[in-house]
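In what follows, a structure is listed as structure tokens, so that the remarks can point back to it.
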Amino acid sequence: MRPRRNLRMNPRTILNDAILTAVEALDLPRKSSQLTPPKNPEFGDFASNIALVLAKDARQKPLDLARRIADILVLPEGFAQVSVTPPGFINFKLSNSYYYSVLKSILANPHEYGKSRIGIGKTANVEFVSANPTGPLTVGHGRQAILGDTVASILEWHGYEVTREYYYNDAGRQMRLLANSVEARYRELLGEPSPFPEDGYQGDYIRDIARVIRDEYGDSLEPGAAPFRKVTEKTIFDDIKSTLQDLRVVHSRFSNEQSFYDNGAIDQTLSDLRSKDLIYEADGATWLKTTALGKNQDTVLIKKTGEPTYRLPDMAYHRDKFDRGYDMIVDIFGADHIATYPDVLSVLKTLGYDTGKVRVLIHQFVTLLRGGEIVKMSTRKANYVTLRELTERLGADVVRYFFIMRGMNSHLNFDLDLAEDQSEKNPVFYLQYAHARTANILVHARAFDLEPGSDFTTQRLDRPEEINLLKELSRVPVVWESALDSLEPQIIAQNLQTVATAFHKFYTVCRVVTDDQELSLARLAIVSAVKAVLKNGLEILGLTAPDRM
RNA sequence: GCCCUUGUAGUUCAAUGGAUAGAACAAGUCCCUCCUAAGGAUUAGAUGUAGGUUCGAUUCCUACCAAGGGUACCA
């Protein structure tokens with residue numbers, strides 16, 4: 001589901017109306033055009049491509065048409081000038097007074113600036129990580145943890161009430177294999193070696209858990225006794241939760257597969273599918289007619305062993321999420337799930353659910369490099385690098401930013417050797433340093449009895465670095481709302497970088513605390529606005545906003 | 001084989017179909033008497049290959065090449 005864009009009047013829509021009025025006066029069709037901030041600041045604040053779009057209809061050269069439109073266009077209030085440049089762009093420049101009003105509005109409500117309120121009164125569920133408790137989280141899980149947590153924060157920022165959810169499979173083959181692996185290590189400890197399960201979990205943590213079980217339950221546990229399973233699951237889950245907590249990722253709800261067996265949801269889903277005539281038996285297994293849903297192959301739902309594959313519980317689980325009534329359901333999966341979620345969605349659609357509420361975010365995998373060599377990750381073979389280890393070495397801010405600054409579609413490379421070296425140069429410090437600078441200026445100003453307030457002389461702010469900084473601040477709401485549309489945290493990270501750059505440039509050129517009290521107060525207003533915006537952005541990204549560095 | 005992602009500077013990543021393809025790290029050169037130099041200024045350096053659509057293509061389409069993932073009665 002894509003949230004509806006709010007229709008408040010901003011300079012862009014006002015300008016667009018003016019352009020369309022001019023176009024109609026020339027008897028040309030109201031085609032949609034774009035108003036974009038030009039890369040080159042000499043071209044002003046907005047560029048319209050309307051003449052390029054309409055050139056064919058008008059049978060004129062784009063440049064000539066652009067001039068005609070510009071001639072008859074009535075410049076709306078708040079705009080300072082208009083120009084035409086090849087190949088036919090019409091450029092507009094906002095007057096400084098517009099930026100002054102932006103500054104005032106930030107200071108009037110610092111913590112609200114950039115909030116669209118689109119999600120107010122709505123609920124959302126974000127499911128992420130959802131790793132089965134078979135071992136420690138790896139660096140690969142980290143990407144999903146940070147992505148999911150930040151997407152949730154973006155939704156919260158725009159007003160949604162968000163549930164961060166973790167789903168795990170605790171009823172299938174994997175967990176049985178895990179328990180068997182622990183039991184084998186337990187027997188080893190007792191000097192009664194038993195064969196280690198084929199494909200068993202080989203990590204050292206399995207031995208540690210076996211030791212805990214022996215210390216706690218003694219050496220007389222029956223084969224297949226409950227602790228092998230229960231203690232293992234709890235121990236590993238505790239580790240997963242604390243690893244996530246170290247990264248400031250906290251789920252508010254955990255759902256598990258077993259509960260859907262216990263409450264009959266899985267049987268119910270199966271019988272509902274059967275009544276839709278989507279189920280048949282063959283080769284001793286139970287099949288779902290995914291061919292009827294547009295696939296070129298049917299899918300096994302229940303193996304001939306009588307055990308369902310993960311798909312059936314997945315369907316029951318998603319159904320449960322729908323029944324809980326969320327306005328938006330976000331599923332975050334790794335690239336390995338790209339082929340399976342359409343099955344779940346099409347089944348739910350067949351069962352009458354509005355799958356338009358679902359946003360599926362697929363992220364590509366992290367390729368780990370060590371010494372230039374690719375490290376293949378496998379929990380079972382225990383040649384992973386744990387997320388805990390990484391967080392302990394680099395810190396939560398660096399790890400979070402590393403994952404946020406890349407788009408989820410990038411197949412990103414993570415060089416373990418460079419990670420530590422580069423952590424000191426992580427761009428997150430650039431943002432945090434900008435924030436610390438604002439804080440320090442305010443402290444310094446206080447020593448001179450200068451306090452930022454709402455009463456200042458806006459006209460004193462006329463240096464290019466000041467106007468440019470205000471310009472960046474004015475773009476924040478648009479950009480942060482587009483992050484809500486795309487659910488790409490990277491957009492906010494990038495935006496904060498440009499704000500920080502504009503501020504650093506301002507800082508080097510414009511001394512804030514000076515003998516000129518009027519100027520100082522005006523600049524302090526900018527500084528406190530920047531501080532608020534950076535703090536808001538860092539908060540969304542789950543990063544600290546230090547006052548000193 | 002078929003399906004999904006992705007190929008951009010030496011490296012890691014950006015770029016709603018728009019103007020001169022941005023940034024960081026690495027390399028070179030400058031700037032602290034001044035609110036923190038974790039900063040600023042500046043030089044050099046890139047769109048896998050071949051076509052197509054378009055006024056305009058890194059972006060859309062086709063083929064090829066390369067990487068990752070899927071194509072399991074694993075999750």
Side-chain angles (χ1 to χ4, degrees), chain A residues 34 36 38-40 42-43 47 49 51-53 55-56 61-63 85-89 91 130-132 134 168-169 172-174 177 199 257 283-287 295-297 299-311 313-314 334-340 362-367 374 380 402 405-415 418 421-422 424-434 436-445 447-448 450 482 485-486 490-491 493-494 497-498 500-501 503-505 507-514 520 523-524 527 548-549:
Chain A
Q34 292 172 324
T36 52
K39 285 174 190 160
N40 187 334
E42 281 173 33
F43 294 138
N49 66 346
L52 297 162
V53 173
K56 200 172 249 183
K61 288 180 186 166
L63 196 56
T85 51
F89 288 103
N91 306 308
S130 296
N132 293 336
T134 57
Y168 61 101
N169 300 96
R173 177 173 167 275
Q174 280 194 17
L177 195 55
D199 291 335
E257 183 184 6
D283 303 328
T286 302
W287 295 72
K295 281 227 164 176
N296 51 13
Q297 212 176 328
T299 312
V300 170
L301 281 191
I302 301 178
K303 309 177 209 172
K304 59 185 166 200
T305 61
E307 198 170 48
T309 64
Y310 67 95
R311 283 166 206 260
D314 259 16
D336 54 342
H337 278 69
I338 198 152
T340 73
I362 301 286
H363 66 88
Q364 295 301 322
F365 286 145
V366 179
T367 304
I374 292 176
R380 223 165 274 181
F402 180 86
M405 65 193 278
R406 272 88 171 183
M408 63 182 96
N409 268 330
S410 68
H411 300 238
L412 71 87
N413 290 314
F414 194 109
D415 191 317
L418 289 181
D421 180 42
Q422 300 212 330
E424 291 167 26
K425 295 157 189 156
N426 190 293
V428 72
F429 297 131
Y430 185 81
L431 301 182
Q432 294 178 320
Y433 186 59
R437 267 188 164 172
T438 60
N440 194 59
I441 292 171
L442 295 179
V443 169
H444 185 75
F448 291 80
L450 290 167
S482 79
D485 278 346
S486 64
Q490 186 200 28
I491 291 176
Q494 244 154 33
Q497 288 284 335
T498 64
T501 297
F503 172 71
H504 284 310
K505 288 182 181 184
Y507 176 89
T508 49
V509 177
C510 303
R511 191 171 173 81
V512 177
V513 180
T514 66
S520 297
R523 287 182 172 167
L524 276 176
V527 170
R548 301 193 66 83
M549 284 179 76

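Nucleic acid contact for A:Gln432: none, since no nucleic acid atom lies under 4.0 Å from a heavy atom of the residue. When heavy atoms are screened at a 4.0 angstrom cut-off, A:Ala445 is found touching no nucleic acid atom at all. Residue contacts for A:Lys61: at a heavy-atom cut-off of 4.0 Å it reaches no nucleic acid atom on any strand shown. Using a 4.0 Å heavy-atom cutoff across all strands shown, A:Phe429 reaches at least one base atom of the nucleic acid. Looking at heavy-atom distances under 4.0 Å, A:Ala285 makes contact with a base. Residue-level contact check: A:Gly172 touches neither bases nor backbone, having no heavy atom under 4.0 Å from any strand. Using a 4.0 Å heavy-atom cutoff across all strands shown, A:Tyr507 reaches at least one base atom of the nucleic acid. Among the atoms of the strands shown, only primed sugar atoms or phosphate atoms (P, OP1, OP2) are found under 4.0 Å from some heavy atom of A:Lys505. Among the atoms of the strands shown, none is found under 4.0 Å from any heavy atom of A:Asn426.
The C1' atoms of B:U20 and B:G56 are separated by 15 Å, rounded to the nearest whole Å. Straight-line distance between the C1' atoms of B:G68 and B:C55: roughly 38 Å, to the nearest whole Å. Rounded to whole Å, the C1' atom of B:U62 lies 48 Å from the corresponding atom of B:U29. Straight-line distance between the C1' atoms of B:A23 and B:U8: roughly 13 Å, to the nearest whole Å. To the nearest whole angstrom, the two P atoms, one in B:C64 and one in B:A21, are 31 Å apart. Taking atom P in both B:A38 and B:U43, one finds a spacing of 24 Å when rounded to whole Å. Annotation: B:U58 and B:A50 have their P atoms spaced 13 Å apart (nearest Å). Remark: the separation of the C1' atoms in B:G40 and B:U49 is 41 Å, to the nearest Å.
With the nearest nucleotide of RNA chain B identified for both A:Gln497 and A:Ala500, A:Gln497 has the one nearer the 5' end. Judged by closest nucleotide on RNA chain B, A:Met408 is the one of A:Met549 and A:Met408 placed further toward the 5' end.
Regarding A:Ile491, its CD1 atom lies at a distance of 18 Å from the P atom of B:C13, rounded to whole Å. Between A:Glu424 atom CD and B:A26 atom P the separation is 11 Å, expressed in whole Å. Rounded to an integer number of Å, the gap from CD of A:Gln490 to P of B:U12 is 16 Å. One interatomic measurement links the two molecules: CG of A:Leu412 to P of B:G69, which rounds to 14 Å at whole-angstrom precision. B:G39 atom P lies 13 Å from atom CZ of A:Phe503, rounded to whole Å. To the nearest angstrom, C1' of B:G39 lies 12 Å from CD1 of A:Ile441. Taking atom NE2 of A:His504 as the reference point, atom P of B:A41 lies 11 Å away to the nearest angstrom. As a whole-Å value, the separation of A:His337 NE2 from B:A72 C1' is 13 Å.
Applying the ring-ring contact (aromatic ring centres under 6.0 Å, His included) rule to A:Tyr507 yields no partners; only residues at least two apart in sequence or on another chain are considered. Annotation: ring-ring contact (aromatic ring centres under 6.0 Å, His included) contacts of A:Phe448 (sequence neighbours excluded): A:His444. For the ring-ring contact (aromatic ring centres under 6.0 Å, His included) test, no residue two or more places apart in sequence or in another chain qualifies with A:Phe429.
More than 12 non-hydrogen atoms from other residues, nucleotides or ligands lie less than 6.0 angstrom from NZ of A:Lys303.
In terms of phosphate contacts, A:Asn132 brings no side-chain nitrogen or oxygen within less than 4.0 Å of OP1 or OP2 of B:A75. Under 4.0 angstrom from either OP1 or OP2 of B:A72 there lies at least one side-chain N or O belonging to A:Gln297. Between A:Lys425 and B:A26 there is a side-chain N or O to OP1 or OP2 distance below 4.0 Å.
Distance from the side chain of A:Arg437 is smallest for B:A37 among the nucleotides B:A37, B:A75, B:C73. Nearest nucleotide to the side chain of A:Lys303, out of B:A75, B:C55, B:C25: B:A75. Counting only heavy atoms from C-beta on, A:Arg511 has its side chain closest to B:C34 among B:G69, B:A14, B:C34.
Classification of B:C32 as syn follows from a glycosidic angle within 90° of 0.
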- Item | Where protein sits on nucleotides 3-8 of chain B, one letter per nucleotide: B base, S sugar-phosphate only, - none, heavy atoms under 4.0 Å | -SBS--
Would you tabulate the side-chain donor-acceptor contacts of residues 407-414 of chain A under 3.5 Å, counting partners in other chains and residues two or more places apart, or write 'none'?
from: A:Ser410; atom 1: OG; to: A:Arg143; atom 2: NH2; distance (Å): 3.1
from: A:Ser410; atom 1: OG; to: A:Gly407; atom 2: O; distance (Å): 3.0

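In terms of heavy-atom proximity, A:Met405 sits nearest to A:Pro427 at CE-CG, 3.7 Å.
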Below 3.5 Å is the cut-off: list the nitrogen or oxygen pairs between protein and nucleotides 17-20 of chain B, distance only.
from: B:G18; atom 1: N7; to: A:Asn49; atom 2: ND2; distance (Å): 3.4
from: B:A19; atom 1: OP2; to: A:Lys39; atom 2: NZ; distance (Å): 2.9
from: B:A19; atom 1: N6; to: A:Asn91; atom 2: OD1; distance (Å): 3.2
from: B:A19; atom 1: N1; to: A:Thr85; atom 2: OG1; distance (Å): 3.1
from: B:A19; atom 1: N1; to: A:Asn91; atom 2: OD1; distance (Å): 3.4
from: B:U20; atom 1: O4; to: A:Asn40; atom 2: ND2; distance (Å): 2.8

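Between A:Arg311 and A:Thr299, the closest side-chain pair of non-hydrogen atoms falls below 4.5 Å. The closest side-chain heavy-atom distance from A:Tyr310 to A:Glu257 is not below 4.5 Å.
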